[in-house]
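Reminder, nothing fancy here: chain letters follow the sequence lines and each chain counts from 1. Quick caveat, the model's predicted, so the values are computed rather than measured. Basis for what follows: all heavy atoms, side chains included, without hydrogens, waters or symmetry-related copies.
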Number of protein chains: 2
Amino acid sequence: MKALDAIDRRILTMLQDNGKATNKEIASVLGMSITPIYERIKKMEDAGYIKKYTTVVDKDMLGYHLMAFCNVRLKEHTKEYLERFEEQVAELPEVSECYHVAGNFDYLLKVTVVDMEVYHFFITTKLATLDNIGHVQSSFVMKEVKWEINVPIE
Amino acid sequence: MKALDAIDRRILTMLQDNGKATNKEIASVLGMSITPIYERIKKMEDAGYIKKYTTVVDKDMLGYHLMAFCNVRLKEHTKEYLERFEEQVAELPEVSECYHVAGNFDYLLKVTVVDMEVYHFFITTKLATLDNIGHVQSSFVMKEVKWEINVPIE
DNA sequence: TGTGAAAGACATCGCGA
DNA sequence: TCGCGATGTCTTTCACA
């Protein structure tokens with residue numbers, strides 16, 4: 001697939017805002033007929049521009065009242081140790097995101113749990129027991145100021 | 001709406017995996033007919049358990065090749081200063097997430113940009129020019145080890 | 001590429017158990 | 001609450017410009 005044109009981008013923007021937007025709806029906004037919208041979306045799905053459709057749920061209503069960012073520094077930094085840590089951390093359901101970062105620490109983890117008690121349990125019995133953990137520093141989220149899943153597509 | 005039961009949770013899990021899952025599909029997996037699925041989803045939408053449906057796009061394919069976490073410490077911590085910072089930061093399209101955290105810094109920002117040049121521009125001409133910025137420390141993402149939008153719902 | 005029409009699948013809603 | 005059936009809407013495809 002070639003690069004996206006302006007129409008593709010507008011379609012993506014609308015789909016980010018509402019994953020259930022119908023082809024008809026999009027077509028009318030863009031002043032086109034339904035078929036090309038349908039085909040463009042299909043192409044963007046096949047090409048990988050569209051990774052998935054999902055439903056955003058309210059974490060707080062589901063009982064997840066604590067989110068924390070966890071800075072992790074490892075002791076050893078060989079390829080094998082890094083890969084092992086990444087595999088182990090990816091298995092933990094409490095860890096919703098994990099990034100290998102350049103800076104003061106090696107990894108940044110976003111951890112979502114029910115409450116502080118569960119977080120404490122997570123740190124002491126799950127994270128700290130992984131091999132090769134050097135130093136862990138947590139930042140607790142007091143307020144979610146902004147959370148925007150949509151990528152700006154001009 | 002009362003608390004969710006096991007069936008509601010299984011519906012949410014399926015909808016997180018695939019926002020376009022049809023009622024028919026869900027019904028057949030759960031061994032129920034379509035109507036109760038339809039009604040349960042509608043109730044969860046109305047009650048706010050379901051916040052929105054969206055489309056996940058591939059940031060990298062769209063040209064966003066750099067993600068960074070930006071730790072920000074403010075100079076003054078009065079209510080007015082905090083609110084003002086939060087308002088200003090929420091307006092910045094480069095900032096996809098912003099959290100008020102307890103720890104070494106005041107705020108943690110997730111910044112998504114095209115490349116390092118744009119990031120530099122963002123830091124120097126947009127973030128640093130906000131009122132009341134004390135100290136900024138960036139961690140650049142070298143690798144996204146895990147990114148899981150789905151909340152575990154057992 | 002785009003348009004328009006037609007077939008099939010799905011969402012939506014009223015009624016009965 | 002759930003299941004069934006009717007109706008309107010959407011998706012998907014095809015012939016054609």
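Between the CD1 atom of A:Ile11 and the P atom of C:dG2 there is a distance of 9 Å, rounded to whole Å. Put simply, CG on B:Leu4 is 12 Å from P on D:dT1, counting in whole angstrom units. Distance, B:Met32 CE to D:dG3 C1': 10 Å, rounded to whole Å. Following rounding to the nearest Å, A:Ile34 (CD1) and D:dC10 (P) show an atom-to-atom distance of 8 Å. Atom NZ in A:Lys20 sits roughly 18 Å away from atom P in D:dT9 (whole-Å rounding). At whole-Å resolution of the value, CD in A:Glu39 and C1' in D:dT11 are 12 Å apart. We find that CG of B:Asn23 is positioned 13 Å from C1' of C:dC13, with the value rounded to whole Å. D:dC2 atom P lies 13 Å from atom CD1 of B:Ile41, rounded to whole Å.
Residue B:Ser33 places its side chain closer to D:dC2 than to any other of D:dT11, D:dC2, C:dT1. Nearest to the side-chain atoms of A:Ile7 among the listed nucleotides C:dG2, D:dG3, D:dT11 stands C:dG2. Side-chain atoms of A:Tyr38 lie closest to D:dT13 of the nucleotides D:dT13, C:dA11, D:dT1. Among the nucleotides C:dT3, D:dT11, D:dG5, the one closest to the side chain of B:Thr35 is D:dG5.
Nucleic acid contact class of B:Lys43 (heavy atoms, under 4.0 Å, all strands): sugar-phosphate only.
For NE2 of B:His65, the number of neighbouring non-hydrogen atoms (other residues, nucleotides, ligands) closer than 6.0 Å is greater than 12.
Look at B:Lys24 and you won't find any side-chain N or O under 4.0 angstrom from OP1 or OP2 of C:dG8. OP1 or OP2 of D:dC2 lies within a sub-4.0 Å distance of a side-chain N or O belonging to B:Arg40.
Checked by atom type, the side-chain pair B:Ser138/B:Tyr119 shows a donor-acceptor distance below 3.5 Å.
Between B:Phe105 and B:His135, the ring-plane angle classifies as parallel under the 30° and 60° cut-offs.
Side chain of A:Asn132 to backbone of A:Glu76: a donor-acceptor contact under 3.5 angstrom is found.
Partner of B:Tyr107 under the side chain to side chain contact (heavy atoms under 4.5 Å, CB included) criterion, out of B:Leu74, B:Val136, B:Val95, B:Ile133: B:Leu74 alone.
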